[in-house]
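Worksheet: one structure, shown below.
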Amino acid sequence: MASLVQPGMSFLAPSLTRDIAGDMPVSPAHGLPIRLRGVTRRFGTRAVLTDIDLDVAPGQFVAIVGRSGSGKSTLLRLLAGLDHPDAGQVRLGGQSPRQAAPGLRIMFQDGRLLPWRRVLDNVALGLPRADHPRATEALHAVGLADRARDWPRVLSGGQKQRVALARALAADPQLILLDEPLGALDALTRLEMQSLIESVWQRGGFTAVLVTHDVAEAAILADRILLIEDGAIALDLAVDLPRPRRAGAALAEIESRVLDRILRRA
Amino acid sequence: MSERVKVFCFFSSEKKKSFSLFRSAGAVFRAAGASFLKERSKELVPMARALLPSVVPVALLIIWELLSATGAVPERKLPSPHRVLLAFWHLTRTGELPHDVLISTLRAATGFAIGGSLGFCFGLAAGISRLAENLFDGTMQMLRMVPHLALIPLIIVWFGIGESAKVFLVAVGVFFPIYYNTYHGIRTIDAGLLEMARVQGLTGPALFREVILPGALPSILVGVRYALGIMWLTLIVAETIAGNSGIGFMTMNAREFMQTDIVVLGILLYAVLGKLIDMLARFIEIEALAWHPSFSQA
Ligand SMILES: Nc1ncnc2c1ncn2[C@@H]1O[C@H](COP(=O)(O)OP(=O)(O)OP(=O)(O)O)[C@@H](O)[C@H]1O
Ligand SMILES: [Mg+2]
């Protein structure tokens, strides 16, 4: 198993300790709390989300699962301020998403790297010039420091997603929203990326909301799994297992509880 | 792990096989000959490639010269290449030709700069702002359909046959392709990238510099290349119809005195200058779009 991991990955942990823990201060209050009250979103006459109440503690890792079209991305876009609720309120640390925007980053499924900027410039996108060293550090943290001068198009799918993760990390955000960031990756790269995301989250101290199709992924990463169904939160399951989590009976039990709940309606 | 071992074994057995092959002298010879040929063709291919495009023009020149020499083509209708060359030499020494080329180039550049920058600005406005788009894009799409050369009679009434008439005509000609391609280029930027840029906190000039301009650039450069062609065509027409200087005037003037060698020289000059400008545009594309898969050198 160990030989399957890329050579660069084994250095990840020490470099993270140096870069993220060293230069980006870790504080328990660093994460942004989320508070939703009565949030409703309709498209036309169809309500996608109805009257959602949700509280997420600072620094918590929340996974959102649900069937395709259940409104997971819609919820994420509401949190990001890219979309607005028809009713109800979204507060991030007491502020509106727009006010909280500087401390918020998204990692998209398709990476969304600028094809006309080199890898490092992509990571530094939106950073003030004085903060550009952070971009190098973030790139280092995802194990791609040696690809800084490459065009995004020559990277593999997994490498592109690592660059996208570095870009999300570089601004030292308080909240990261991940919309199926690993959906397009092969199983092995997924595993690598999952442990990478877990370790940067543990060191970064930010709040994380991960939308995923993969219940196993949710169980490995999340403190808490939310299932969205019929526009409401149908299941809110705390996952209180030690990290890093390996496949085993406890994890399988969590997975089957979520899957049973999803499949009950099938 | 075992896979790697297998791979290694495969390699070593392959080596053994090739060893036994090379023991036979014939095979060694054949291999040496093949590698020699390969070396030679490696050097020859790039040279042949570089020369290939000039084969057709050179062949045409030779045929033309031969036809003139045998009298199959009368000198009065079409002078032979060497007479055109002589005319070139003569006009260059008198300074007439450089003067006319300079004048034509200046006109082209001025018209392009004015029309191009206006087209870019309007295209930018329509691409970025819905208000601007609603305000004038419909009008632009309508005006775009008018062949700009149809304006010549009106322009002569307005400006006479002086400098401004020609510059104006070129400017009108290049305006529309650059307007349209700038507008279109901005509108077709991936919405996902714009959304991502917003999340990264980019607004105003930074958004323009990082996303909008580079995203629209391939389309803008298509417009530039197209506009360069139009610029040239417009200038030839304008100088031929009305003027007292420039390459177009030089050829028209020569026609009156039946100096067909100068007429042909003028036509060839347009071809050469046009080709040079296109090469420049191509160079700019390669430099500016190095990130683009269609333009990458490596
Ligand atoms: N901009 C929009 N206009 C109209 N309908 C929309 C819009 N965005 C989303 N919807 C609808 O809202 C519903 C939820 O979409 P959403 O993208 O949130 O689903 P999802 O849970 O993320 O699905 P998936 O897992 O397939 O990504 C879908 O039925 C979709 O058609
Ligand atoms: Mg989705």
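Throughout, a chain's letter reflects where its sequence line sits, starting with A, and its residues are numbered from 1.
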Side chain, backbone, both or neither: which part of [X] has a non-hydrogen atom closer than 4.5 Å to chain B?
X	result
A/R112	both
A/P102	neither
A/R118	neither
A/L127	neither
A/W151	side chain

> Quick check: are there more than 12 heavy atoms from other residues, nucleotides or ligands sitting under 6.0 Å from CZ of B/R187?
Replying inline: yes
>> For the CZ atom on A/F43, are there more than 12 heavy atoms of other groups (residues, nucleotides or ligands in this structure) within a distance under 6.0 Å?
In response: yes
> For B/Q141 and B/R144, does a side-chain donor sit closer than 3.5 Å to a side-chain acceptor?
Replying inline: yes
> Would A/E137 and A/R134 pass as an ion pair if we require N to O under 4.0 Å?
Replying inline: no
> Top residue by heavy-atom pair count (under 4.5 Å) with chain B, among A/D110, A/I106, A/L125, A/L104?
Replying inline: A/L125
> After noting the C-alpha distance and the side-chain angles of B/E133 and B/R130, does the key distance pass the salt bridge (Lys or Arg N to Asp or Glu O under 4.0 Å) rule?
Replying inline: CA-CA 5 Å; B/E133 182 191 20; B/R130 290 278 165 196; 3.2 Å; yes
> When A/V119 is tested against each of A/V163, A/V154, A/D146, A/L113 for side-chain contact (heavy atoms from CB on, under 4.5 Å), which residue passes?
Replying inline: A/V163
> Do you know which of B/V199, B/L202, B/T203, B/L217 has the most heavy-atom pairs with chain A at a distance under 4.5 angstrom?
Replying inline: B/V199
